[in-house]
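Note sheet for the following structure.
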Number of protein chains: 2
Amino acid sequence: MSQSPKSPTPPTPATGPSPLTPPPPVPTSADVARLAGVSRATVSYVLNNAEAVRISEPTRLKVRRAAEELGYVPHAAARSLRAGHTRLVLLPTSHVPVGPLYSAFLNELQWALRRLDYTVVQYGSLGLTGDEAARAWAELRPVAVISLGEITLSAHNVATLKRAGARAVITMGPDGVPGAHALVMDQQEVGARAAAHLVERGRRRIGVVVPEEDGLELFSAPRLAGARSVAGADVETFPMAYTEESAAALAARWRRLGRDAAFAYNDEYAMLLMRALQDEGLAVPADVAVIGADDLLLGRLLRPRLSTVRLELPTGDHLAELVDRAVREPSELTRRHDLMTAVAVHREST
Amino acid sequence: MSQSPKSPTPPTPATGPSPLTPPPPVPTSADVARLAGVSRATVSYVLNNAEAVRISEPTRLKVRRAAEELGYVPHAAARSLRAGHTRLVLLPTSHVPVGPLYSAFLNELQWALRRLDYTVVQYGSLGLTGDEAARAWAELRPVAVISLGEITLSAHNVATLKRAGARAVITMGPDGVPGAHALVMDQQEVGARAAAHLVERGRRRIGVVVPEEDGLELFSAPRLAGARSVAGADVETFPMAYTEESAAALAARWRRLGRDAAFAYNDEYAMLLMRALQDEGLAVPADVAVIGADDLLLGRLLRPRLSTVRLELPTGDHLAELVDRAVREPSELTRRHDLMTAVAVHREST
DNA sequence: TTGAAAGCGTTACCAT
DNA sequence: ATGGTAACGCTTTCAA
């Protein structure tokens with residue numbers, strides 16, 4: 001411990017909190033062992049409640065007390081390095097304002113997975129390409145990846161993840177990715193239900209309102225495609241930003257567009273548009289029917305009450321169980337699973 | 001390169017895919033080294049673009065090609081174990097439907113941190129106690145924790161995290177936690193602005209609408225306290241759930257409550273209540289003034305347009321920079337930082 | 001310019 | 001019943 005006179009950061013023992021950030025040592029299981037007067041193995045046994053070996057009660061107590069005193073917390077990285085695998089479930093998110101349904105669903109899912117003893121981690125992946133994202137995720141060696149559609153995964157990306165040890169890669173969306181467990185939460189269904197509802201009520205010339213905002217295409221595109229797929233529906237698309245101005249601009253030219261109905265990406269856009277149309281002097285639903293999607297509570301506050309398409313998401317527990325099964329028996333879940341249904345809710349705006 | 005488009009065919013013996021889930025080996029840097037005919041050290045140098053050492057271009061190419069072919073992705077845990085520290089920033093979330101502002105803010109923050117070369121991970125912590133959460137987070141050895149208030153951290157919890165190597169623990173909320181870097185995003189300010197706005201406009205008997213839902217107390221309680229703190233405000237609280245029924249029930253007894261103004265937890269609750277009051281035959285703002293918070297776009301769609309309190313959140317870049325500074329120089333940022341301001345926005349409902 | 005070896009914190013096997 | 005030891009994958013001196 002001799003101190004060099006030239007060293008700019010002298011390892012001086014006597015100085016208190018040095019200005020030059022002396023990184024305080026993190027207690028390890030070896031420290032606990034030393035303090036408790038036992039071996040590291042014993043510490044491990046005690047702290048992990050190992051059944052295979054019998055440790056005397058006094059020893060257990062000593063170890064526990066030492067760990068407590070040191071504030072010892074095991075090092076997850078070291079543990080999983082040794083174990084050769086993790087219990088990490090990666091949940092890529094892009095934080096698109098995707099609504100309370102989705103939030104509630106994510107919550108449920110996290111809880112359910114945690115109950116199954118997985119560590120759930122959300123990885124913000126906004127703006128990453130599939131390749132970048134797959135690499136970044138793979139570095140963490142997750143046992144499962146649940147990609148809810150914010151990122152489009154290629155077959156190659158899925159392969160990367162699997163090679164990195166992921167036992168289950170679950171994608172949502174209409175198209176199953178080769179190698180992944182496709183979990184069909186088909187947004188097309190939403191558009192199809194909306195358009196069908198409108199057609200049933202005698203509206204055929206449907207204007208589909210598509211968000212101008214980035215990051216929503218993955219939801220809006222299939223919804224649009226679904227609307228297009230409905231027989232008898234004459235669909236035209238209109239981009240609109242999530243602002244009053246954009247809505248007003250679209251409403252101002254609505255009469256000239258010759259559309260007798262509007263299907264907006266979701267209820268928020270629908271509300272915005274409906275208000276703008278009304279301010280423009282058009283009667284809803286007489287002049288133009290308006291339907292949204294997601295069944296937001298706030299949509300019922302406008303007059304007329306907003307018709308919508310409600311999504312029946314799978315329960316978090318259901319999906320969690322599916323994930324767990326896929327992890328334990330990867331070959332099992334290669335087929336597609338349909339989990340989402342959509343149903344049009346008629347209120348007053350259609 | 002006459003390679004089949006199929007799998008790279010690992011040097012497995014003759015056994016095909018066994019039914020008993022043989023975990024396929026994850027390629028390591030040793031595998032890359034072997035394939036490239038170099039040492040593991042060289043692989044590390046090449047793949048990390050080590051400046052200190054000069055590797056010949058042909059060698060670099062060989063290594064890169066081998067890594068590519070094997071689909072090698074470094075093992076983050078092993079790397080940080082060796083390094084003795086991580087670049088992991090933990091962002092506990094509870095997924096309360098906290099609004100688009102917040103989502104946008106989180107997005108910004110993630111981006112900014114990623115630009116600073118941190119790995120940002122959200123850890124769903126809904127329903128965990130402070131102790132459980134702190135332990136779980138500490139296991140991941142994050143270099144920083146940004147707790148946005150969903151979990152109340154005790155001084156002991158902060159100590160746990162710091163002992164586990166966290167160089168910065170940032171909490172938001174009015175009360176700084178000892179040992180943490182307090183980042184004051186004081187929700188009290190919101191309530192104070194709302195109440196002051198109402199008092200200014202001659203309303204003193206303010207009914208504060210508090211959500212019945214769990215998990216929102218951490219936001220609603222300080223907002224209420226802020227309203228109480230305003231001189232001249234006579235505050236009474238009314239719990240309300242986020243349903244039309246609950247709003248209608250509250251509205252039905254509103255006349256008897258003798259309140260000439262309502263301040264709702266946020267714009268969503270305010271919209272719900274305002275509609276219910278109107279349906280009950282009360283005039284807004286003549287009979288009762290209504291103000292919300294968060295300045296949601298949808299609040300402008302009702303008539304009268306909803307007055308609100310707008311939050312000026314710090315930019316993600318700003319907070320990210322603060323975190324980075326705290327990480328690099330932990331002693332620096334022990335003082336409180338005020339980052340949030342609130343301002344009442346008068347529209348038509350007050 | 002490249003290779004050999006040590007060591008990060010854990011746990012599982014094998015001795016005692 | 002407990003302790004020594006090897007190994008997980010990676011980076012980084014040090015030596016050739």
Side-chain angles (χ1 to χ4, degrees), chain A residues 23-63 66-67 70-88 119 138-141 143 163-165, chain B residues 23 25-63 66-67 70-88 138-141 143 163-165:
Chain A
V26 180
T28 74
S29 77
D31 295 325
V32 177
R34 208 170 304 124
L35 181 56
V38 301
S39 78
R40 305 202 323 279
T42 306
V43 171
S44 177
Y45 289 144
V46 172
L47 263 35
N48 295 314
N49 295 312
E51 315 276 345
V53 285
R54 307 178 89 73
I55 307 283
S56 71
E57 204 50 45
T59 305
R60 305 184 95 92
L61 214 65
K62 271 195 308 186
V63 170
L70 263 51
Y72 168 74
V73 174
H75 193 312
R79 184 191 299 237
S80 63
L81 185 57
R82 161 70 208 197
H85 61 109
T86 71
R87 296 283 290 173
L88 181 69
T119 299
E139 289 196 357
L140 301 178
R141 297 288 190 271
V143 70
R163 243 194 323 253
Chain B
V26 181
T28 74
S29 78
D31 295 325
V32 177
R34 207 170 304 125
L35 181 57
V38 300
S39 76
R40 279 158 52 238
T42 307
V43 171
S44 177
Y45 289 142
V46 172
L47 264 35
N48 295 314
N49 295 312
E51 314 275 345
V53 107
R54 303 183 81 74
I55 308 283
S56 71
E57 204 49 46
T59 304
R60 306 184 94 92
L61 215 64
K62 271 194 307 188
V63 170
L70 264 50
Y72 168 74
V73 175
H75 193 311
R79 182 190 300 233
S80 64
L81 186 58
R82 161 72 209 205
H85 60 98
T86 71
R87 296 284 290 174
L88 179 71
E139 289 195 357
L140 302 177
R141 297 288 189 272
V143 69
R163 244 194 324 253

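Values below: all heavy atoms of this structure, side chains included; hydrogens, waters and symmetry mates excluded. Every chain is numbered from 1 and lettered A, B, ... according to where its sequence line falls, protein lines coming before strand lines. Since this is a predicted model, take the numbers as computed values, not measurements.
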task = Working to the nearest 0.5 Å, report the span between CZ of A:Arg82 and CG of B:Leu81.
result = 13.0 Å
message = Measure CG/B:Leu47 against C1'/D:dT11 and give the value in whole Å, please.
response = 12 Å
ask   = How long is the span from the OG atom in B:Ser80 to the CD atom in A:Glu139, to the nearest 0.5 Å?
value = 10.5 Å
message = Test your reading of the model: is there a side-chain donor-acceptor pair from B:Arg163 to the backbone of A:Leu70, 3.5 Å cut-off?
response = yes
ask   = Between A:Tyr72 (OH) and C:dG9 (C1'), how many Å, whole number?
value = 7 Å
task = Return no unless some side-chain N or O of B:Ser44 is found under 4.0 Å from OP1 or OP2 of D:dT11.
result = yes
Just the atom pairs and distances: protein N or O near nucleotides 1-3 of chain C's N or O, under 3.5 Å.
unit_1 : atom_1 : unit_2  : atom_2 : d
C:dT1  : O5'    : B:Arg54 : O      : 3.4
C:dT2  : OP1    : B:Ser56 : OG     : 3.4
C:dT2  : OP1    : B:Thr59 : OG1    : 2.6
C:dT2  : OP2    : B:Ser56 : N      : 3.2
C:dG3  : OP2    : B:Ser39 : N      : 2.7
C:dG3  : OP2    : B:Ser39 : OG     : 3.2
C:dG3  : OP2    : B:Thr42 : OG1    : 3.2

message = Using whole Å, what does the distance between atom P of nucleotide C:dG9 and atom NE2 of B:His75 come to?
response = 16 Å
note = One should read off an interatomic distance between B:Leu61 CG and B:Ile55 CD1, to the nearest 0.5 angstrom, of 13.5 Å
request  = Please state how far atom CZ in A:Arg34 lies from atom P in D:dG3, giving the value in whole angstrom units.
outcome  = 14 Å
inquiry  = Any residue in residues 76-85 of chain A with a heavy atom nearer than 4.0 angstrom to DNA chain C? Just list them by number, or reply none.
reply    = A:Ala78, A:Arg79, A:Arg82
task = With side chain to side chain contact (heavy atoms under 4.5 Å, CB included) as the test, would you mind laying out the steps for A:Val26 and B:Arg141 before giving the verdict?
result = CA-CA 10 Å; A:Val26 180; B:Arg141 297 288 189 272; 3.7 Å; yes
ask   = For the pair made of CG in B:Leu140 and P in C:dT10, what is the distance, rounded to whole Å?
value = 13 Å
query = Can you find a heavy atom in the side chain of B:Val63 that is under 4.5 Å from one in the side chain of B:Leu47?
reply = yes
query = Where do B:Lys62 and B:Thr42 land on the side chain to side chain contact (heavy atoms under 4.5 Å, CB included) test, with the steps shown first?
reply = CA-CA 11 Å; B:Lys62 271 194 307 188; B:Thr42 307; over 6 Å; no
message = Below the 4.0 Å mark, does C:dT10 have OP1 or OP2 next to a side-chain nitrogen or oxygen of A:Ser29?
response = yes
query = When rounded to the nearest 0.5 angstrom, what distance separates CZ in B:Arg34 from OG in B:Ser39?
reply = 12.5 Å
